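Quick notes on the structure that follows.
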Amino acid sequence: MGPLARFFSVIGANTIDRVWRLGFAGRFFLAMLAQSAETFRRPRLLLRELFASGVLSLIIILVSGLFVGLVLGLQGYDTLQRYGSSEALGILVALSLVRELGPVVAGLLFASRGGSSITAEIGLMKATEQLTAMDMMAVNPLARIIAPRFWGGVLSMPLLAALFTAAGIFGGWLIGVVFIGVDEGAFWAQMQANVNFRDDVLNGLVKSAVFGVAISLIAVFEGFDSVPTAEGVSRAITRTVVTSALAILALDFVLTSFMFRGL
Amino acid sequence: MNRKVMDLWVGVFVAIGFAAILFLALKVSNFSASGLASTYEITARFDNIGGLKVRGPVKSAGVVVGRVADIRFDPQTYEANVVLKLDSQYQFPRDTFASILTSGLLGEQYIGLDAGGDEQMIPAGGRITKTQSAIVLEKLISQFLFNKASEGKKHATE
């Protein structure tokens with residue numbers, strides 16, 4: 001085989017591998033959805049996952065949201081006061097958080113805090129053959145292990161994004177109104193007049209829900225598909241964080257171009 | 001971790017999550033204002049709408065009574081056709097005057113309605129006939145300059 005033929009066969013093999021993996025992820029997703037009924041019949045399973053991915057991510061989400069809001073307040077004020085419109089600080093902070101920063105940054109944080117731990121847990125279960133053992137006991141690991149973790153992530157994500165946004169707006173208020181002294185009435189009134197519930201808040205929540213599905217699916221799939229060794233699990237965790245981050249940013253662009261066209 | 005503690009924490013998480021959404025809906029955005037319960041539409045034609053935007057406010061006596069629903073250019077009359085969505089608890093007389101105003105010097109533009117004295121009200125789908133266009137700053141300045149120039153000429157001929 002000549003070097004040219006070898007070059008093309010490397011491309012071919014890579015393409016086939018990627019497409020096969022995508023197809024496998026698709027079948028995995030469908031099989032998991034089919035097995036999801038048990039998750040909602042036994043809320044105990046879901047509760048544990050809501051705790052693991054929701055409650056345990058609370059601190060990092062709230063603290064990061066607060067700091068993002070504080071920085072937005074400082075930087076926004078610095079620019080706006082040059083044009084003598086520092087009262088518009090409320091709009092700037094609220095719109096950027098509600099539309100973009102809330103869902104995206106909360107999603108990135110959730111991928112690295114919640115998604116990675118889901119992948120690690122499932123990968124380790126696979127490496128120690130717990131998933132195989134479940135299969136032997138006629139317990140479907142998709143229903144017992146995978147689906148609850150997926151739904152826990154999907155349900156937590158919009159709530160975490162809303163909390164991030166609220167914490168950020170509080171941070172912006174703290175810097176703008178309390179420390180710098182922007183008029184409090186103007187801050188809230190301008191914000192309310194320019195932030196639309198359906199176009200801004202609801203679209204932000206839809207975004208975060210879509211990110212939640214993407215992150216949770218990537219996390220459980222990478223865990224389930226990991227090579228059952230110490231190195232394989234660590235690679236799967238890395239892939240979860242990297243793929244989730246890319247997926248969030250790419251999906252954000254697609255969703256934004258549909259939602260905020262001409263606004 | 002024991003069941004009760006976990007229940008408590010998940011409960012707290014879900015509760016503050018929904019509280020945050022409620023905060024975004026009520027305090028941050030105009031949830032109550034955007035959800036006008038029942039509305040009716042009327043149209044108005046303007047020669048020039050300036051910087052008026054869809055979803056801009058319609059005010060009467062400074063109170064928001066509706067929103068701009070749609071702005072179209074009419075190729076027959078070369079005018080802008082603006083559709084206003086008004087709260088149905090407010091009715092306006094037929095000779096109501098609609099003008100495009102600016103809030104503050106650089107603020108957003110809105111439509112101001114000055115009620116007339118007609119007995120009959122504008123029905124749903126009706127049209128406001130008396131309108132005043134937006135003030136375009138360039139036109140105003142050039143008018144002012146022309147006036148000054150012609151004044152100067154008058155002085156010169158006298």
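Below, each value reflects all heavy atoms present in this structure, side chains not excepted, and no hydrogens, waters or symmetry copies. This one's a predicted model, so the numbers in the text were calculated from it and none came from an experiment. A, B, ... follow the sequence lines: proteins, then strands. Residue 1 opens every chain.
- Heavy atoms closer than 4.5 Å to chain B are found in the side chain of A:Ile169, but not in its backbone.
- Using a 4.5 Å cut-off between heavy atoms, B:Lys27 contacts chain A through both its backbone and its side chain.
- Taking CE of A:Met191 as the reference point, atom OG of B:Ser29 lies at 10.5 Å (rounded to 0.5 Å).
- Contact of A:Leu47 with chain B is made through backbone and side chain together, with heavy-atom distances under 4.5 Å.
- Under a cut-off of 6.0 angstrom, the local environment of CZ in A:Phe40 is crowded, with over 12 non-hydrogen atoms contributed by other residues, nucleotides or ligands.
- The contact between A:Ser156 and chain B is made by backbone and side chain atoms together, counting heavy-atom distances below 4.5 Å.
- To the nearest 0.5 Å, the span separating CZ on B:Phe23 from OG1 on A:Thr165 amounts to 10.0 Å.
- Here the straight-line distance linking atom CE of B:Met6 with atom CZ of A:Arg44 works out to 6.0 Å at 0.5 Å rounding.
- Annotation: side chain of B:Ile16 is in contact with side chain of A:Leu58 (closest heavy-atom distance under 4.5 Å).
- At a threshold of 4.5 Å between non-hydrogen side-chain atoms, the residues A:Phe51 and B:Asp7 do not count as touching.
- Only the side chain of A:Leu205 comes within less than 4.5 Å of a heavy atom of chain B; its backbone N, CA, C and O stay farther away.
- In terms of heavy-atom pairs under 4.5 angstrom with chain A, the leader among B:Val28, B:Leu24, B:Val64 is B:Val28.
- At most 12 heavy atoms of other shown residues, nucleotides or ligands fall within 6.0 angstrom of atom CD1 in A:Ile59.
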